[in-house]
Number of protein chains: 2
Amino acid sequence: MFKKIKEPRISETIVDQVFQAILRGDLKPKDKLPSENELCEIFGVSRVTVREAIRYLDQLGTLEIRQGSTGGSFIKEVNLEEIAVQMCNVLRMANVTFLHLAEARASLERMILRELIPAERRPHLIQAMEENIKKASVYYQSEDDNSRVLANFEFHALIAEMTNNPIIILMHKIIVELSLRFFKNVKSSTSIGGSTLDQHAQIAELLKQGKIEEAAELCANHICQVSGGIVEKSNEQTSFFKKPLSAGRTDQKVKG
Amino acid sequence: MFKKIKEPRISETIVDQVFQAILRGDLKPKDKLPSENELCEIFGVSRVTVREAIRYLDQLGTLEIRQGSTGGSFIKEVNLEEIAVQMCNVLRMANVTFLHLAEARASLERMILRELIPAERRPHLIQAMEENIKKASVYYQSEDDNSRVLANFEFHALIAEMTNNPIIILMHKIIVELSLRFFKNVKSSTSIGGSTLDQHAQIAELLKQGKIEEAAELCANHICQVSGGIVEKSNEQTSFFKKPLSAGRTDQKVKG
DNA sequence: TAAATGTTATTTGTAATACATTATATGTAT
DNA sequence: ATACATATAATGTATTACAAATAACATTTA
C-alpha cells in the first residue's frame, strides 16, 4: 500500500541535475562547471555536499578537475579506456579468474573476426596487424617482459577496434585491462615468446587469403594456448586477485 | 625521461589501503569499518577526507552504508547487477545506439549458445527457458508493457547465466541494462508481442533436439528482428540518450 | 503482562568557516 | 625581453557544530 521512503542524498540529486544538463546538451565537453563556491550558491547547499557530487562525477570519468586560479571542473569526453580501468577496480573483488578472462576473450575475438568486421574494413585490419607484428618483433628480441605483453595485447585490441561497436570494444578493453593486471601480479609473461609472434602472423595471413573462419579459429586457439601456458607457470595463482574466501569470520576490524 | 608528478589525493591513498585490506582478506563481506570518527584518528586526517574515501568505495559498490546507532560502513559482496547499473551511468554519455546494443547482444548470445554452455548444463537451461515462457505467457496477455519487456529480457538473461563465466554474464547484464533504459525512454515496447514468445519457444525446442547451431542462429535473428522493429517505431530516436554533438560551443555555463 | 510510546546514544549527513596548496596571470626589476 | 616576485582564484584539507536517522533501552499505559 505504501512505498518505503528512501531519501536520496542531496549530492545524488545534484549529480542527477548535472547529468541531465549534459544529456540535454546544456553542458558539453570542455565546458566548465561553476566553481565549488558558486555551485553552493546555485544549489543552496554546503561545499561538502557539492564536493561529494563532484567526486561522484569525477570518479565516473565525467570530469577533469584542475587546481589553480584557472582551475575548476571541466566536462570530459567519455573515454572507453578510462571506463575499462574503472571497471577493473570494481571487478577486483569479483571472483574472476584468469581462465574466465581467457575464455571470454577467445570467444569474443573469434566472434568478432567471424561476423563483426565488415568485409571492406578487412584490408585495414590486415595492414594494422602487419604493422604491429613488425613493431612487436623488435620488442620480442629485447628482454623487456612488459613491452612484449603490451605488444601482444595491442595486436588483439586491433581486432576489437575494427568493429566500430563501442560496446564490443569496451568489453574487449575490460578483459584486456584485467588480464594485464594479472600479468603484473604473477610476472609470468615469459610465456609470451616468439611462437606468439608467429601465430599473429599466421592469423593475418589467413585473413589475407579470405579464410575468415580459419583465422577466427586460430585466434581463439592461440589465446587458449598462451593462456594455458601462463596458468601452468603461475600454478595455483590462477585465482585472480583474491584467494577464495576462507570459511567463517565475523569479527569487525580494520588494519588500524 | 621523467614522469609528471601528480600528488594523489589523501582520500585515494585511504581507498587504496582499504582495498589492500580487502584483497589481503583482513576485511571480508559483512565486516564493519570503524566509524568515520575512528577512521579519522586511525589515519590522522579529517572527516572530510575520510568521507571522500568512503564515498568512493560506496560508489564502487564495495560498501553498504547505514545510518543510526548501529550503522556504519559494511563491506559488501560484489554484485554484478549493481556493477552493470553503475556502468550504465558511465555509458550514458558514450555514443552508444540501440543498434549497437542489439548487434552486440545478438552476437553474444549466439556465441554463448554455440560454445559456452557445457552439454551437461543444457537440460537446466531448457527447463529454465520453459518455465520462463510459461510465466511470461501470463504477462503477455496483460497489457502491462513493462512486465512484457522484463519477461523478455529474463529469457535472454538465462542464456548468459548458464556460462558460469562472470565476465560474460556481466557483459550481457550491461547490454540488457542499457537496452532496458532505452525502452523506458522510447516507450515502444509494444513491438514485443506474441511472436516473441513463439520464437523463445522455438529456441528452447531446437535446443531440446540438440540442434545447437540452429538455436543459436534463431536466437540471433530473433534479437535482430525484434530490435529492428523497435528502431523502426522509434524512428530517429535510435541515438541512445544523446543526440550527436552539434558543432562548436565553448561558452561556459550551467543551468543555474 | 504486553503493547505502545518516549528517551538516549551512536553514527552518518550537512553546514559553516578557515587555512593550505596549486597553478595561472600579472606586474616589476634587472 | 627575461627572470622573478606577487596577486589571485580555484581546489584540497582541517575543524567544529549541529541535524537526522536508527537501534536499543526505559517508561508509560491499558
Side-chain angles (χ1 to χ4, degrees), chain A residues 2-18 27 30-76 250 252-254, chain B residues 2-18 27 30-76 250-254 256:
Chain A
F2 296 119
K3 277 185 297 183
K4 183 172 182 180
I5 293 171
K6 173 98 184 303
E7 285 286 317
R9 277 191 275 260
I10 298 179
S11 58
E12 289 176 26
T13 71
I14 295 180
V15 166
D16 219 57
Q17 283 204 46
V18 175
L27 281 173
K30 306 272 185 185
D31 280 0
K32 179 183 175 301
L33 285 180
S35 74
E36 294 182 357
N37 283 318
E38 289 175 282
L39 287 173
C40 291
E41 290 186 11
I42 293 174
F43 291 113
V45 299
S46 80
R47 216 178 133 207
V48 179
T49 307
V50 165
R51 277 180 66 85
E52 213 164 84
I54 290 180
R55 276 290 146 277
Y56 186 91
L57 294 165
D58 181 29
Q59 290 159 200
L60 241 51
T62 310
L63 296 181
E64 183 191 336
I65 298 175
R66 290 200 295 269
Q67 275 181 252
S69 67
T70 61
S73 306
F74 299 84
I75 307 290
K76 207 167 51 173
T250 50
Q252 307 180 350
K253 197 70 183 300
V254 75
Chain B
F2 294 118
K3 277 185 294 183
K4 184 173 183 182
I5 292 172
K6 174 101 181 303
E7 285 288 317
R9 278 190 275 260
I10 298 179
S11 58
E12 289 175 26
T13 71
I14 295 180
V15 165
D16 219 57
Q17 284 204 45
V18 175
L27 282 173
K30 306 275 184 183
D31 280 0
K32 180 181 175 300
L33 285 179
S35 75
E36 294 182 356
N37 283 318
E38 289 175 284
L39 287 173
C40 291
E41 290 186 10
I42 292 173
F43 291 112
V45 298
S46 80
R47 215 178 132 206
V48 179
T49 307
V50 165
R51 277 181 66 84
E52 213 164 85
I54 290 179
R55 276 291 144 276
Y56 187 91
L57 293 165
D58 181 28
Q59 290 159 200
L60 242 50
T62 310
L63 296 181
E64 183 191 336
I65 298 174
R66 290 199 295 268
Q67 272 180 265
S69 65
T70 60
S73 306
F74 299 84
I75 306 290
K76 205 167 50 174
T250 49
D251 50 334
Q252 308 181 348
K253 197 67 182 300
V254 75

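Below, read A as the first sequence line, B as the second, and so on, with proteins coming before strands; counting in each chain starts at 1. Just so we're clear, the structure is a prediction, and the values are computed from it rather than from any experiment.
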Once you round to the nearest 0.5 Å, how far does OG1 of A:Thr70 lie from NZ of A:Lys32?
->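 That separation rounds to 9.0 Å.
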
Separation of [N] [atom2] from [X] [atom1] (nearest whole Å):
X	N	atom1	atom2	answer
B:Leu57	C:dT12	CG	P	14 Å
A:Leu63	D:dG12	CG	P	11 Å
A:Lys32	D:dT11	NZ	P	6 Å
B:Gln67	C:dA9	CD	C1'	15 Å
B:Glu64	C:dT12	CD	C1'	14 Å
A:Glu52	D:dT11	CD	C1'	16 Å
A:Glu41	C:dA16	CD	C1'	14 Å
B:Glu36	D:dC18	CD	C1'	15 Å

Quick one: closest heavy-atom pair of A:Ser46 and A:Cys40, and the distance?
->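 The answer is C-SG, 3.7 Å.
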
Side-chain N or O of [X] less than 4.0 angstrom from OP1 or OP2 on [N]?
X	N	result
B:Ser69	D:dT22	no
A:Thr70	C:dT24	no
A:Ser35	D:dA9	no
B:Arg55	C:dG13	yes
A:Ser11	C:dG13	no

Which is it for A:Ser35 and A:Glu38 under the side-chain hydrogen bond (donor to acceptor under 3.5 Å, both in side chains) test, yes or no, and what are the steps along the way?
-> CA-CA 5 Å; A:Ser35 74; A:Glu38 289 175 282; 3.2 Å; yes

Checking all strands, does [X] fall into the base, sugar-phosphate, or nothing category for heavy-atom contacts under 4.0 angstrom?
X	value
B:Ile54	nothing
A:Ile10	sugar-phosphate
A:Arg47	base
B:Gly68	base

Contact nearer the 5' end of DNA chain C, comparing B:Glu38 with A:Val45 =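 Checking each residue's closest nucleotide, the 5'-ward one belongs to B:Glu38.
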
Assign each of B:Arg66 and B:Val48 the nucleotide of DNA chain C bearing its closest heavy atom; nearer the 5' end lies the nucleotide of B:Arg66

Test: B:Glu12 and B:Arg9 ion pair at under 4.0 Å =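 Salt bridge flag = yes for B:Arg9 with B:Glu12.
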
Between A:Lys76 and A:Glu64, is there a side-chain N and carboxylate O pair less than 4.0 Å apart?
->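 Not counted as a salt bridge, because no side-chain N and carboxylate O are separated by less than 4.0 Å.
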
Within 45° cone of A:Tyr56 ring axis and under 6.0 Å: B:Arg55 NZ or CZ = no

Listed nucleotide nearest any side-chain atom of B:Arg9, set C:dA15, D:dG12, C:dT12 = D:dG12

Starting at the 5' end of DNA chain D, which residue's closest nucleotide do you reach first, A:Arg51 or A:Glu7?
-> A:Arg51

